[in-house]
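A short worksheet on the structure shown next.
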Amino acid sequence: MRESLKREEIIRRRRDIGAVMSTGKRVDSEPFTLRYKEREASFPSRRVAFLLNGKIKGAVVRNRLKRRLREIFRRNKHWFPSGYDYIIQVRLGAEGLKFDGLKERIKALAGKVENVG
């Protein structure tokens, strides 16, 4: 059984990312910013994209961080209400967090979506 995120769960088009960035709602929690926007009724599931700050140096560090964030999202999709597109912006400082620290911060962000949304 495939355990990665499904292709349809990842935002790939620049147009879709731009729509969320320009008209979506925003929630902050250091070192992350979560932007989200409700999707059309015909798409009930949730999609995600991760944007990392260019100041996070080293491809190995950036790729490891993205892998960890994808894994956290994949295992804990239920934290995020369905019917939305999510963009998680990662700022400088996130590369120093361990897996459990990343998981706690992402869970806190997801909790804020329910309170705000």
Side-chain angles (χ1 to χ4, degrees):
M1 185 174 148
R2 183 176 172 188
E3 292 201 7
S4 61
L5 282 175
K6 296 175 187 166
R7 189 166 186 82
E8 61 269 9
E9 294 176 317
I10 299 170
I11 303 172
R12 297 198 180 271
R13 293 189 300 192
R14 283 184 187 254
R15 183 177 61 192
D16 294 342
I17 291 173
V20 175
M21 296 295 284
S22 63
T23 61
K25 295 180 182 179
R26 174 182 171 160
V27 175
D28 289 310
S29 177
E30 278 300 319
F32 301 105
T33 298
L34 175 67
R35 294 181 184 261
Y36 60 100
K37 182 179 180 211
E38 194 165 5
R39 296 182 72 192
E40 298 173 14
S42 61
F43 300 105
S45 67
R46 54 191 72 80
R47 295 190 307 171
V48 67
F50 300 97
L51 302 179
L52 274 67
N53 188 320
K55 293 180 181 177
I56 299 174
K57 296 299 179 190
V60 171
V61 174
R62 285 192 305 273
N63 290 337
R64 181 184 307 128
L65 189 53
K66 282 178 84 169
R67 277 195 311 270
R68 288 177 176 176
L69 291 170
R70 280 194 302 264
E71 181 66 7
I72 290 167
F73 185 84
R74 183 186 70 80
R75 287 185 179 183
N76 302 291
K77 293 175 199 171
H78 60 277
W79 291 346
F80 296 88
S82 69
Y84 288 86
D85 281 344
Y86 298 97
I87 295 179
I88 299 175
Q89 293 176 273
V90 184
R91 292 190 297 271
L92 202 57
E95 71 278 4
L97 295 172
K98 302 285 185 197
F99 187 83
D100 289 336
L102 290 170
K103 187 174 176 181
E104 290 172 14
R105 303 267 170 93
I106 296 298
K107 185 175 183 178
L109 275 177
K112 289 180 181 181
V113 169
E114 294 174 345
N115 294 336
V116 174

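- Looking at residues two or more places apart in sequence or on another chain, you find a side chain to side chain contact (heavy atoms under 4.5 Å, CB included) between Lys37 and Ala19, Val20, Thr23.
- Put simply, Ile17 and Leu109 are part of two different groups of oily side chains (I, L, V, M, F, W, Y) that touch within less than 4.5 Å, one to the next.
- Identified under the ring pair (Phe, Tyr, Trp, His ring centres under 6.0 Å) test for residues 89-113, with sequence neighbours left out: none.
- Legend: residues meeting side chain to side chain contact (heavy atoms under 4.5 Å, CB included) with Arg105, ordered by chain and number and at least two apart, are Pro31, Phe32, Leu97.
- Using a 4.5 Å cut-off on side-chain heavy atoms (C-beta onward), Tyr36 and Lys25 make contact.
- For the side-chain hydrogen bond (donor to acceptor under 3.5 Å, both in side chains) condition, the pairs that include at least one residue of residues 85-103, sequence neighbours left out, are Glu30-Arg91, Thr33-Arg91, Arg35-Gln89, Arg39-Asp85, Arg47-Asp85.
- Under the 4.5 Å side-chain heavy-atom criterion for grouping Ile, Leu, Val, Met, Phe, Trp and Tyr, Ile11 is connected to Met21 within one hydrophobic cluster.
- Between Arg74 and Glu71 there is a salt bridge, with a side-chain nitrogen of the basic residue lying less than 4.0 Å from a carboxylate oxygen of the acidic one.
- No side-chain heavy atom of Glu8 sits less than 4.5 Å from a side-chain heavy atom of Ser45.
- Both Val113 and Leu102 belong to a single network of hydrophobic side chains, linked directly or stepwise wherever heavy atoms of I, L, V, M, F, W or Y lie under 4.5 Å apart.
- Among residues two or more places apart in sequence or in another chain, the side chain to side chain contact (heavy atoms under 4.5 Å, CB included) test is passed with Arg15 by Arg13.
- In this structure, Val48 and Arg46 have side chains that are not in contact, with every pair of non-hydrogen atoms separated by 4.5 Å or more.
- Taking hydrophobic clusters as Ile, Leu, Val, Met, Phe, Trp and Tyr residues chained together by side-chain heavy-atom distances below 4.5 Å, Ile72 shares a cluster with Val27.
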Only distances under 3.5 Å count here; give the side-chain donor-acceptor pairs of residues 58-69 to other protein atoms, sequence neighbours excluded, each with its distance to 0.1 Å.
{"residue": "Arg62", "atom": "NH1", "partner": "Ile56", "partner atom": "O", "Å": "2.9"}
{"residue": "Asn63", "atom": "ND2", "partner": "Ala59", "partner atom": "O", "Å": "3.2"}

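- For Lys77, the salt bridge (Lys or Arg N to Asp or Glu O under 4.0 Å) criterion is met by Glu9, not counting sequence neighbours.
- Sequence neighbours left out, not one pair with a member in residues 51-61 passes side-chain hydrogen bond (donor to acceptor under 3.5 Å, both in side chains).
- Note on Leu51 and Ile106: separate hydrophobic clusters, where clusters join Ile, Leu, Val, Met, Phe, Trp and Tyr whose side-chain heavy atoms are under 4.5 Å apart, directly or indirectly.
- The aromatic rings of Phe80 and Phe73 are tilted relative to each other, their planes meeting at an angle between 30° and 60°.
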